[in-house]
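Atom set for the values below is all heavy atoms of this structure, side chains included, hydrogens, waters and symmetry mates excluded. Throughout, protein chains are lettered first and strands after them, A, B, ... in sequence-line order, and every chain is numbered starting at 1. Since the structure is predicted, the reported quantities are computational estimates derived from the model, not experimental observations.
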Amino acid sequence: MTNSAPNPTITRFAPSPTGHLHIGGARTALLCWAFAKKNNGRFLLRIEDTDQQRSSESSTRGILEDLAWLGIQWDDGPELDYHGSTFGGDSRSVGPYYQAQRIDHYNEAINRLIEEDKAYPAFETPEELEEKRKEAIEAKVGYKYDRAALDIPREQRMERMKAEDYVVRFKMPDEAITVHDEILGEVTIKPDEFDDFIIRKRDGFPTYHLAVTVDDAMMGVTHVLRGQEHLINTPRHVALQSALGYPHPVYGHMPLIFNPDGSKMSKRDKDKAAKKASKDAGLSSSPIEGLSDADFAEWLKNKTRQLESSTLMQLAEHLQINLPEIDVEDFRRAGYLPSALNNYLALLGWNPKTKNEDGTDLERFDMDYLASHFAMSGMGKGQSKFDRVKLLSFNADAIAALSDEDFAKHWHQWATTYDPSLASRFSESDMVELAPAVKTRSKTLADGKGVIGFAFIDDDAIEFDGKAVHKALIKGDHKGLELLKAFRYELSTFDDFSASSIEAKVSSFAESKEVGMGKIAQPLRVAVTGSGVSPSLGQTLAILGKDSVLNRIDRCIEHASAEAL
RNA sequence: GGCCCCAUCGUCUAGCCAGGUCCAGGACACCAGGUUUUCAUCCUGGUAACGCGGGUUCAAAUCCCGCUGGGGUCACCA
């Protein structure tokens, strides 16, 4: 495909601001972005807020920030300042990018269609239509609008428009429409599958079909990459484009993403998980302030009832469970890196079909790679299941690959938002020091705290794991305990508490006592952490510092001596 | 239910369009072993799939048909 200057490739992502950015939407946006970049084109962001009831400004803001966090930069669209860089703008002067601000454009197109007799007003009320729909269902036939309004003479219709409430319907041409889809091939839909759909609602706002057609044309969109749930809409848009004399963009409908059990990934999954945990825990009354017992009981027994997101999070915390991640914000909170999320998302349905040097398939790649290699030909046709375990593995690898400095930056930034106590306990430069111990032991940024959990406990509050104490200190004639005492003595005059010199110190001590490293390492580890498991000994002691280490050893000696009697 | 889309290891997939090089390759997970003072990392090896039935062909994971299964869609939501 060649691109001459006058006709750049333009893709778009057009979310409706009715909630957070769903992970499926993020993948659509990512691949639209990648396609545009690969073809030296532009990626456009448009907010489809024609549903006045459900749209909100805070949703828009959230979606913009989620995209920015992922690093999916839009060239045209609403402006956003994010950590010093500006996203969006209107350099081509084809805005505004909020559909609610583009009503004049839609009306112009609608009026033109009416004048050309390609669209017409219809006067049935929603209730009347609902009635007819019900009848059709009972008769087990597909419902289609019966074109009753077309029986009214045109003159009369035009007259009634002035006085009555009405919708505008598009006269769907009576011919089969073939969509040339870059992913699925040719898809032909017969005319009896369509009726004269509404293009302007009673409230004067256009419907999605009309708005999307007008906007894509006016904004110069050349390629539409979207989820397969839109496949059936495409013939409508193609017909509308023809009627309005617009060019037809190239389409690509990508397969949808599902939960491992095959169900749709939806916000309801969070309620489902919380309900199950509540039942398992035998909760009979609301444990959350601001949620009444009655509401809680109703929510619990009604499968479709959903709780406010913040309430749900409080409940999850109370139950000590993790809610399934559904929105980009969820993954962010859970401590995923955007690079890992993008990588996994891109691979879900797209394959670079390239080998690594060792002959394995290329799976790990970054945004630059995507931007220079993405092609629709690599898209799969089949639906896929979202495997959090594989994503976790991608994330763990991405974290491990970070430099200590970058890891500290990400970790501290994450903690600042999601775990302020962690962020205030350890500065970013502290975290650089912690990085070597934490990186290979964390699958997510949220895991980090657990790795160094021993550092969060006061010296005199350490709880000693009985088994570990026995195995490391008491077993074999208290050899471990004696070694620990001896090492404690040497440590009292030792001041260089860097990880490497502590390692050296322990090593030379073991040599002088003619024992293996483990003989002194494990007693020490148990003494300072209470358990037999921690990062490397040098790192562990370095994190605690000399005072704390000595305190803890003393306390352990006391504890173990009592145990040994 | 009508229409439309889809179908390879448990999961994501390569191979399919241009049939033979595929007793089907990779990744995640899992199992076993190794490295490591513990854990984690890391290394080595292993288990594991062409949904079913018909064709076409010397030859089918690859082409055709049917079945089954999964999904989408049938709004004055997008």
Lys/Arg-Asp/Glu bridge criterion (N-O < 4.0 Å) met for A:D192, A:K144: no
Across every strand shown, the nucleotide meeting Watson-Crick or G-U wobble geometry with B:rC3 (both distances under 3.5 Å) is B:rG72
Could you pull out the closest heavy-atom pair between A:A510 and A:G516, with the gap in Å? CB-O, 4.1 Å
Taking the C1' atom in each of B:rA14 and B:rU8, what is the distance between them to the nearest angstrom? 10 Å
For A:L184 and B:rC17, give me the distance from atom CG to atom C1', rounded to whole Å. 15 Å
Taking any strand in view, what nucleotide pairs with B:rC30 in a Watson-Crick or G-U wobble way, both distances under 3.5 Å? B:rG46
Gap between atoms OH and C1', on A:Y143 and B:rC74 respectively (whole Å): 12 Å
Take atom C1' in B:rA40 and the same atom in B:rG19, then report the distance between them in whole Å. 48 Å
Contact nearer the 5' end of RNA chain B, comparing A:P126 with A:K519: A:K519
Which is true for A:E128 with a 4.0 Å heavy-atom rule: it touches a base, it touches only sugar-phosphate, or it touches nothing? nothing
Examine A:W350 together with A:F365 and report whether their ring centres are nearer than 6.0 Å. yes
Atom CD of residue position A:Q53 - does it have more than 12 heavy atoms of other residues, nucleotides or ligands inside 6.0 Å? no
Does the ring center of A:H209 lie less than 6.0 Å from the ring center of A:F197? yes
Using a heavy-atom cut-off of under 4.0 Å over every strand shown, decide if A:F258 touches base, sugar-phosphate, or nothing. sugar-phosphate
Are any of A:K353's side-chain N or O atoms less than 4.0 Å away from OP1 or OP2 of B:rG15? yes
B:rC39 - base-pair partner by Watson-Crick or wobble geometry, distances under 3.5 Å: none
Sugar-phosphate, base or nothing in reach of A:N233, heavy atoms under 4.0 Å: base
Give one of base, sugar-phosphate or nothing for A:P535, where a contact means two heavy atoms less than 4.0 Å apart. base
A:K467 atom NZ is separated from B:rC39 atom C1', nearest whole Å, by 17 Å
B:rU73 and B:rA78, which share atom name P, separated by this distance in whole Å: 15 Å
If you take the centroid of each ring, where Trp contributes its six-membered ring, are A:F13 and A:W74 closer together than 6.0 Å? no
Whole-Å gap separating C1' (B:rU73) and CG (A:D192): 15 Å
Looking across every strand, which nucleic acid part, if any, lies under 4.0 Å from A:G532 by heavy atom: base, sugar-phosphate, or nothing? base
Rounding to the closest angstrom, what is the interatomic distance between B:rC9 and B:rC31 at atom C1'? 15 Å
Please confirm whether A:Y344 and A:F386 have ring centers closer than 6.0 angstrom. yes
Categorize A:S536 for me: base, sugar-phosphate, or nothing, with a 4.0 angstrom heavy-atom threshold over every strand shown. base
Need one value for A:L537: base, sugar-phosphate or nothing, where a base atom within 4.0 Å counts as base even if backbone is also close, heavy atoms only. base
Please check the phosphate of B:rA78 (OP1 and OP2 only) for any side-chain N or O of A:T50 closer than 4.0 Å. yes
Distance between the P atoms of B:rC22 and B:rC17, in whole angstroms? 16 Å
Is there a donor N/O on one and an acceptor N/O on the other, under 3.5 Å, for the side chain of A:R441 and the base of B:rU41? no
Testing the 3.5 Å rule here: is there a donor-acceptor pair between the side chains of A:R226 and A:Y251? no
Can you tell me how far P of B:rU13 sits from OH of A:Y344, to the nearest Å? 8 Å
What does B:rC16 pair with, Watson-Crick or G-U, if both distances are under 3.5 Å? none
Does this structure show an ion pair linking A:K132 with A:E127, if we count only N-O contacts that are shorter than 4.0 Å? no
Give me the distance, rounded to whole Å, that separates B:rG54 from B:rG70 when you measure between the P atoms they each carry. 23 Å
Between B:rA24 and B:rG10 - P atom distance, rounded Å: 14 Å
A:V187 near the nucleic acid: base, sugar-phosphate alone, or nothing, with a heavy-atom cut-off under 4.0 Å? sugar-phosphate
With rounding to the closest Å, how many angstrom separate the P atoms on B:rC65 and B:rC42? 47 Å
Can you tell me if A:R133 touches the phosphate of B:rC76, counting only side-chain N or O atoms and a distance under 4.0 Å to OP1 or OP2? yes
So what does A:E229 touch, heavy atoms closer than 4.0 Å: a base, only the sugar-phosphate, or nothing? sugar-phosphate
Counting the atoms with a prime plus P, OP1 and OP2 as sugar-phosphate, which does A:K144 contact under 4.0 Å by heavy atoms, base, sugar-phosphate, or nothing? nothing
Does A:Q539 reach a base, just sugar-phosphate, or nothing at all? Heavy atoms under 4.0 Å. nothing
Would you classify A:H253 as touching base, sugar-phosphate or nothing, given that sugar-phosphate means primed atoms plus P, OP1 and OP2, and contacts are heavy atoms under 4.0 Å? nothing
Within less than 4.0 Å of OP1 or OP2 of B:rU37, is there a side-chain N or O belonging to A:K505? no
Pick the closest RNA chain B nucleotide for A:K264 and for A:S16 by heavy atoms, then say which residue is nearer the 5' end. A:K264
Counting only Watson-Crick or G-U wobble pairs whose two distances fall under 3.5 Å, which nucleotide matches B:rU57? none
Rounded to whole Å, how long is the line connecting atom NZ of A:K134 with atom C1' of B:rG1? 19 Å
What does nucleotides 22-29 of chain B look like as a protein-contact string, B for base, S for sugar-phosphate only, - for none, at under 4.0 angstrom between heavy atoms? ---BBBSS
Please report, rounded to the nearest Å, how far the P atom of B:rC12 is from the CE atom of A:M265. 13 Å
Centroid separation A:H230 to A:H253 less than 6.0 Å: no
Answer yes or no: does a side-chain N or O of A:T440 lie under 4.0 Å from OP1 or OP2 of B:rC42? no
Nearest to the side chain of A:K201, heavy atoms from C-beta on, is which of B:rU37, B:rU11, B:rC77? B:rC77
Could you state the CD1-P distance from A:I189 to B:rU73, rounded to the nearest angstrom? 13 Å
For the ring pair A:Y208 and A:H237, is the centre-to-centre distance below 6.0 Å? yes
